[in-house]
Novice: 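Before we start, here is the structure in question, set down as structure tokens.
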Amino acid sequence: MGPRIPVTVTVADRTGHRIVPETTRRTDRFPGSRYGNRPTMKDVAARAGVGLKTVSRVVNGEPGVTPETERRVQEAIDALGFRRNDSARVLRKGRTASIGLVLEDLADPFYGPLSRAVEEVARAHGALLINGSSAEDADREQELVLALCARRVDGLVVIPAGDDHRYLEPELKAGVATVFVDRPAGHIDADVVVSDNFGGARDAVRHLIAHGHRRIGFIGDMPRIHTAAERLRGYRTAMEDAGIPVADGWMSLGVTDPERVRQAAREMLAGPEPVTAIFTGNNRVTVTVIRVLAEHARPVALVGFDDIELADLLQPGVTVVAQDAAALGRTAAERLFRQLDGTLIAPERIELPTRLITRGSGELPPAD
């Protein structure tokens, strides 16, 4: 046992905080340091009474060690808390067994199943996933991507915030496998996995038209974003195919800030000829519009792009165009590891279908 070393701790009493002396026990393994040094293979070898080569064989699962010796080495490993130094293996093999995932917003529910799917594929390939958020900022995306590359990740799955990815060209030439998800890369050839944003939006608006609506509003994200532009195109196409001219006040695109969306919805619902239905461009917009409609006197039909939690429990339930976020993540990750295995050559665009889920809000007839 090591010596008892006095330690000062803070404890509270009724009048505030006071400092009292207390003692605790430290081992000789961590002299003069709170954390000490990590045990090495040399420490394991000394404790088990074997050579370094024997410890290396046990740690790396190599043959040539008797069961009794392996047991002693493993007991020493467990007792010391030894962990293999993967950094050294990286230097030898040139691979880190890690991939990076760059998301738009870690707090967005859409990215939860996507991230989980990427992680599961990575785990199946014995790789570690490191993720971060660009916060829809192109400069932050570039900074994060290059930081991951500097840490020698083997590959990247990127949901892009920017529209120019030429900064990645040196990394791609150096062998960093890269797949873009949800939105394509800008100015470089790279694999991309997306949903059918155009087709899903067109189907949503056609659905509202089929239920008698002619004055249909669209509230979406910033038009520079690929998904927002494609959903706007789907809205316009459905209206044009039905021979319905779109009035100036029926479209509103911009940031998904609740105040901006709330104002846009209220303007569409006001005046002598208000919209009788609204198509929302993503889950955040949908949530805000639901709150606005709850305060509105007359029923208004609603179809949202992206499913939302508890959508089936509202009255009426919310009709949505659902993406398969998990399939997006899984497809992208599987393609990434095919790149790493050397089985893919030319970049491809993979488009996954969407699904219209009817729950009641999109089937309401026009109020007038």
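Counting from 1, the numbers follow the sequence of the chain as shown. Remember, it's a predicted structure, so these values are computed and weren't measured experimentally.
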Novice: Would D191 and F180 count as a side-chain contact (heavy atoms from CB on, under 4.5 Å) here? Give the steps.
Specialist: CA-CA 6 Å; D191 282 311; F180 288 80; over 6 Å; no
Novice: Return the CD to CG distance between E171 and L146, rounded to the nearest 0.5 Å.
Specialist: 6.0 Å
Novice: Testing L336, V153, V179 one by one against I99 for a side chain to side chain contact (heavy atoms under 4.5 Å, CB included), which residue passes?
Specialist: L336
Novice: According to a 4.5 Å side-chain heavy-atom criterion applied to Ile, Leu, Val, Met, Phe, Trp and Tyr, with indirect links allowed, do L101 and V193 form part of one hydrophobic cluster?
Specialist: yes
Novice: Quick one: do N60 and S56 satisfy side-chain contact (heavy atoms from CB on, under 4.5 Å)? Show the steps, please.
Specialist: CA-CA 6 Å; N60 293 296; S56 176; 3.4 Å; yes
Novice: Set out, in order, the CA-CA distance, both residues' side-chain angles and the distance that settles side-chain contact (heavy atoms from CB on, under 4.5 Å) for V194 and I350, then state yes or no.
Specialist: CA-CA 6 Å; V194 296; I350 301 173; over 6 Å; no
Novice: Do P316 and L364 have side chains that approach each other closer than 4.5 Å (heavy atoms only, starting at C-beta)?
Specialist: yes
Novice: Please test D241 against R206 for salt bridge (Lys or Arg N to Asp or Glu O under 4.0 Å), starting from the C-alpha separation and ending with a verdict.
Specialist: CA-CA 9 Å; D241 289 348; R206 283 179 174 175; 3.4 Å; yes
Novice: Just how far is it from atom CZ of R355 to atom CG of D203, taken to the nearest 0.5 Å?
Specialist: 13.0 Å
Novice: What's the verdict on side chain to side chain donor-acceptor pair (under 3.5 Å) for E141 and S134, showing C-alpha distance, side-chain angles and the deciding distance?
Specialist: CA-CA 5 Å; E141 173 212 304; S134 69; 5.7 Å; no
Novice: So, E75 and R47, do they make that salt bridge, N to O below 4.0 Å?
Specialist: no
Novice: Grab the two heavy atoms, one from A242 and one from I209, that are nearest each other, plus how far apart they are.
Specialist: CB-CD1, 3.8 Å
Novice: Give the minimum heavy-atom separation between D154 and L340, together with the two atoms involved.
Specialist: O-CD2, 3.4 Å
Novice: Taking side chain as C-beta onward, heavy atoms only, is V44 less than 4.5 Å from P39?
Specialist: no
Novice: Quick check: closest heavy atoms across R202 and A238, and the distance to 0.1 Å?
Specialist: O-CB, 3.7 Å
Novice: Just how far is it from atom OG1 of T178 to atom CZ of R335, taken to the nearest 0.5 Å?
Specialist: 12.5 Å
Novice: Rounded to the nearest 0.5 Å, how far does CE of M251 lie from CD1 of I219?
Specialist: 12.0 Å
Novice: What I want to find out is whether R233 reaches E230 closely enough, with some N-O distance under 4.0 Å, to be called a salt bridge.
Specialist: yes
Novice: Membership question, hydrophobic clusters at under 4.5 Å side-chain separation (ILVMFWY): are L253 and F279 in the same one?
Specialist: yes
Novice: Closest heavy-atom contact between S98 and R152?
Specialist: OG-O, 4.4 Å
Novice: Looking at every non-hydrogen atom in both residues, tell me the closest pair between A161 and A138 and how far apart they are.
Specialist: CB-N, 4.0 Å
Novice: One thing to verify: whether E136 and R183 come together as a salt bridge, which I'm taking to mean a side-chain N less than 4.0 angstrom from a carboxylate O.
Specialist: yes
Novice: Following the transitive rule for hydrophobic clusters with a side-chain heavy-atom cut-off under 4.5 Å over Ile, Leu, Val, Met, Phe, Trp and Tyr, establish whether L103 and L352 coincide in one cluster.
Specialist: yes
Novice: What do you reckon, is CZ of R116 surrounded by more than 12 foreign heavy atoms closer than 6.0 Å?
Specialist: no
Novice: Does some side-chain heavy atom of I290 sit less than 4.5 Å from a side-chain heavy atom of L314?
Specialist: yes
Novice: Find out whether D307 and I357 are in side-chain contact, i.e. whether some heavy atom of one side chain is under 4.5 Å from a heavy atom of the other.
Specialist: yes
Novice: Could you go step by step and tell me if R215 and E273 meet the side-chain contact (heavy atoms from CB on, under 4.5 Å) rule?
Specialist: CA-CA 8 Å; R215 300 197 300 273; E273 290 191 325; 4.0 Å; yes
Novice: Between N197 (side chain only) and S195 (backbone N and O only), is there a donor and an acceptor less than 3.5 Å apart?
Specialist: yes
Novice: Are R236 and V205 close enough that some pair of their side-chain heavy atoms sits under 4.5 Å apart?
Specialist: no
Novice: Is a donor from one side chain sitting under 3.5 angstrom from an acceptor on the other, for T66 and R71?
Specialist: no
Novice: Which value, rounded to the nearest 0.5 Å, describes the distance between T276 atom OG1 and H211 atom NE2?
Specialist: 12.5 Å
Novice: Any side-chain donor-acceptor pair under 3.5 Å between T319 and E363?
Specialist: yes
Novice: Do N283 and D108 pass the side chain to side chain donor-acceptor pair (under 3.5 Å) test, and can you show the C-alpha distance, the side-chain angles, and the key distance before you say yes or no?
Specialist: CA-CA 9 Å; N283 53 4; D108 190 327; 3.2 Å; yes
Novice: Is the closest basic N to carboxylate O distance between R284 and D306 below 4.0 Å?
Specialist: no
Novice: Donor-acceptor check, side chain of D137 to backbone of D139, threshold 3.5 angstrom: yes or no?
Specialist: yes
Novice: For residues I216 and I278, determine if any side-chain heavy atom of one lies less than 4.5 Å from a side-chain heavy atom of the other.
Specialist: no
Novice: Atom CD of residue position E120 - does it have more than 12 heavy atoms of other residues, nucleotides or ligands inside 6.0 Å?
Specialist: yes
Novice: Could you grab the distance from atom CE of M268 to atom CH2 of W250, nearest 0.5 Å is fine?
Specialist: 10.5 Å
Novice: Side chains of F82 and M41: does their closest heavy-atom pair fall under 4.5 Å?
Specialist: yes
Novice: Show your working on side chain to side chain donor-acceptor pair (under 3.5 Å) between S252 and R260 and close with a plain yes or no.
Specialist: CA-CA 9 Å; S252 177; R260 198 281 299 181; 2.7 Å; yes
Novice: Do L232 and I244 sit in the same hydrophobic cluster, where Ile, Leu, Val, Met, Phe, Trp and Tyr count as joined when their side-chain heavy atoms come under 4.5 Å apart?
Specialist: yes
Novice: Checking salt bridge (Lys or Arg N to Asp or Glu O under 4.0 Å) for the pair E351/R349: CA distance, chi angles, key distance, verdict?
Specialist: CA-CA 7 Å; E351 189 171 271; R349 174 190 175 96; 3.5 Å; yes
Novice: Do V157 and L168 share a hydrophobic cluster, counting only Ile, Leu, Val, Met, Phe, Trp and Tyr and linking them when any side-chain heavy atoms are less than 4.5 Å apart?
Specialist: no
Novice: Within the 4.5 Å heavy-atom criterion, are T237 and Y235 side-chain neighbours or not?
Specialist: no
Novice: Provide the closest heavy-atom pair for P366 versus H213 in the form atom of the first, atom of the second, distance.
Specialist: N-CE1, 3.4 Å
Novice: I'd like to know if the side chain of T286 reaches the main chain of N282, judged simply by a donor and an acceptor atom lying under 3.5 Å from each other, with no hydrogens or angles considered.
Specialist: yes
Novice: Is it the case that the side chain of S133 and the backbone of E104 share a donor-acceptor pair, with hydrogens and angles ignored and the cut-off at 3.5 Å?
Specialist: yes
Novice: If we ignore angles and hydrogens, is there a donor and acceptor under 3.5 Å between the side chains of Q263 and E259?
Specialist: no
Novice: Assess whether a salt bridge exists between E70 and R72, defined as any Lys/Arg side-chain N lying under 4.0 Å from an Asp/Glu carboxylate O.
Specialist: no
